[in-house]
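Below is one structure; the comments refer to it alone.
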Protein chains: 2
Amino acid sequence: MSLGGLLGEETGAALQQVRTEPIQQRSAARLSGLLDAAAAVVDEVGFDRITTAMIAERAGASIGTVYRYYPDRVAVLHALHERAVVRFRQRVVDELGASTLTSWWDAVDCVVTAFVGLYRSEPGFRIVNFDDRDGAPIADAVADADFFARRLAEVLVNEFDLPAGDELIFRLEVAVEMADALLARAFHTDPVGDERFIAECRLVLRNYLDGFYSPHALSLLATAS
Amino acid sequence: MSLGGLLGEETGAALQQVRTEPIQQRSAARLSGLLDAAAAVVDEVGFDRITTAMIAERAGASIGTVYRYYPDRVAVLHALHERAVVRFRQRVVDELGASTLTSWWDAVDCVVTAFVGLYRSEPGFRIVNFDDRDGAPIADAVADADFFARRLAEVLVNEFDLPAGDELIFRLEVAVEMADALLARAFHTDPVGDERFIAECRLVLRNYLDGFYSPHALSLLATAS
DNA sequence: TGGTCACCGAGTGGAATTCAATCATCCTGG
DNA sequence: CCAGGATGATTGAATTCCACTCGGTGACCA
């Protein structure tokens with residue numbers, strides 16, 4: 001799903017979805033202008049009601065210009081998604097730098113804070129929940145989540161000495177899915193985000209990841225069946 | 001209230017999305033036939049590649065017939081979603097009846113089992129993850145989750161003496177969102193469902209709902225900054 | 001001044017949706 | 001019991017909407 005893709009260097013590959021690399025300067029402006037327009041339209045009509053004509057008109061361009069840069073409609077959405085993910089990663093880095101981290105869960109909290117902040121301020125940010133249900137090998141949501149989990153695992157291992165391993169990565173994958181669902185729920189109706197769900201999300205993450213090492217989960221397992 | 005209460009009484013209202021209530025008998029057959037066709041197509045091409053022509057052809061009907069019963073394409077998907085939800089609730093009731101419940105978490109486990117079972121056997125069941133991102137007030141996914149949470153809360157309160165209240169309902173809403181996300185993840189690639197995620201889902205639910213009454217969450221809260 | 005780069009927007013094709021005509025079933029008076 | 005009108009149900013060609021193409025035009029550069 002959509003917290004997908006923290007950190008990482010494959011931003012070059014992510015732009016493979018543009019048809020023509022911009023050569024002249026105005027092209028770059030066009031590109032980001034198109035994405036800005038798309039973001040605005042996403043906020044207005046949602047990202048499945050969006051039409052190429054809307055994007056073009058909003059960007060002050062013509063239909064053809066959209067297709068000069070993107071092979072098709074969903075490529076625009078993918079690009080917008082990518083940009084949102086990149087900005088999310090940057091925000092996470094900023095949050096991490098601006099906070100004094102006393103424990104690993106402060107890092108996790110920063111991730112949630114970054115996500116919520118962008119949801120509130122970045123136009124069209126709900127595109128992060130965009131999930132292309134077809135065989136597009138690039139920018140797969142699950143792959144994103146998996147990648148994100150691995151990166152976050154590295155951070156936690158290196159900064160806070162959590163034990164590395166597949167178990168941690170799996171746990172983080174699960175955590176990402178849960179957080180994604182709860183935060184999407186928080187913003188489903190409320191444009192500012194339902195604080196109750198946001199707070200519960202933080203608590204759930206902490207509880208879940210902490211339980212990994214506490215005997216709590218194990219005692220439950222022992223009484224199972 | 002009995003376990004049968006999970007079924008709810010708004011099944012009549014759920015059909016408001018059809019244009020014309022069927023009067024003659026063949027109409028009812030048509031309606032379910034259309035949904036069966038839609039379910040089959042959903043499994044073949046996914047629910048965003050689906051076309052009205054595919055549904056009509058599969059059902060042995062003409063295009064016009066589809067539009068006689070449903071105002072537009074997504075209304076068909078909504079109806080299919082509704083039917084899936086209804087069958088899910090029925091399955092939950094069946095599971096609950098067929099199991100000997102020694103504790104509330106057996107009930108929760110039954111819910112997971114029912115969901116997984118339908119994912120595996122019911123054609124087009126992945127429609128339950130269909131989320132229309134626009135202002136369709138009826139058949140809203142969040143409303144569904146909320147409704148289900150309330151019903152489940154009633155069952156748990158009456159059968160297992162859990163303390164009723166908004167807190168329990170909220171907890172169940174959160175649990176539903178998490179379970180939904182994890183199970184969707186389990187079936188995202190694997191048509192049989194990734195057992196690792198399914199098992200983790202059960203564990204997470206139990207841990208989370210149990211933590212509600214255990215001092216574990218509270219101790220975490222106490223150490224929060 | 002020739003060669004790209006960018007841009008435009010009418011045109012094409014396919015899918016969604018409409019609607020007037022037709023068929024099927026029900027109902028009622030004789 | 002049956003004709004035949006009334007109403008439900010079905011049809012598919014026509015229309016509309018929208019993604020996407022492409023030949024033509026201007027903008028930059030060398």
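To find a chain, count down the sequence lines: A is the first, B the second, and so on, and within it residues start at 1.
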Check your understanding: To the nearest Å, how far apart are Arg49(B) CZ and dG14(C) P?
Key -> 16 Å

Review point. Does anything in residues 51-59 of chain A reach DNA chain D, meaning a heavy atom under 4.0 Å, and if so which residues?
Key: Thr51(A), Thr52(A)

**Study point:** Working for salt bridge (Lys or Arg N to Asp or Glu O under 4.0 Å), residues Glu122(B) and Arg91(B)
**Key:** CA-CA 11 Å; Glu122(B) 173 91 0; Arg91(B) 183 91 152 225; over 6 Å; no

Review point. OH of Tyr69(B) versus P of dG8(D): gap in Å, rounded?
Key: 11 Å

Review point. Residues two or more places apart in sequence or in another chain: which of them pass ring-ring contact (aromatic ring centres under 6.0 Å, His included) with Phe187(B)?
Key: Tyr119(B)

Study note, to complete from the structure: Residue set satisfying ring-ring contact (aromatic ring centres under 6.0 Å, His included) with Phe170(A), at least two apart, ordered chain then number -> Phe197(B)

Check your understanding: When the distance from CG of Asp48(A) to P of dC17(D) is rounded to whole Å, what number comes out?
Key -> 20 Å

Check your understanding: Atom CZ of Arg30(A) and atom P of dC7(C): how far apart are they, to the nearest Å?
Key -> 5 Å

Review point. Is Arg120(A) salt-bridged to Glu195(A), going by a charged N under 4.0 Å from an acidic O?
Key: yes

Study note, to complete from the structure: Between CZ of Arg68(B) and P of dA20(C) the distance, given in whole Å, is 15 Å

Review point. What's the CZ-P distance between Arg73(B) and dA16(C), to the nearest Å?
Key: 6 Å

Study note, to complete from the structure: Of the candidates dT17(C), dT11(D), dC20(D), the side chain of Thr65(B) sits closest to dT11(D)

Review point. Cation over ring, Arg171(A) on Tyr208(A), under 6.0 Å and within 45°?
Key: yes

Check your understanding: Could you state the OH-P distance from Tyr70(A) to dA19(D), rounded to the nearest angstrom?
Key -> 16 Å

Point to revise | NZ/NE/NH1/NH2 to OD/OE distance under 4.0 Å, Asp94(A) and Arg87(A) | key: no

**Study point:** Tyr67(A) OH to dC20(D) C1', straight-line distance once rounded to whole Å
**Key:** 5 Å

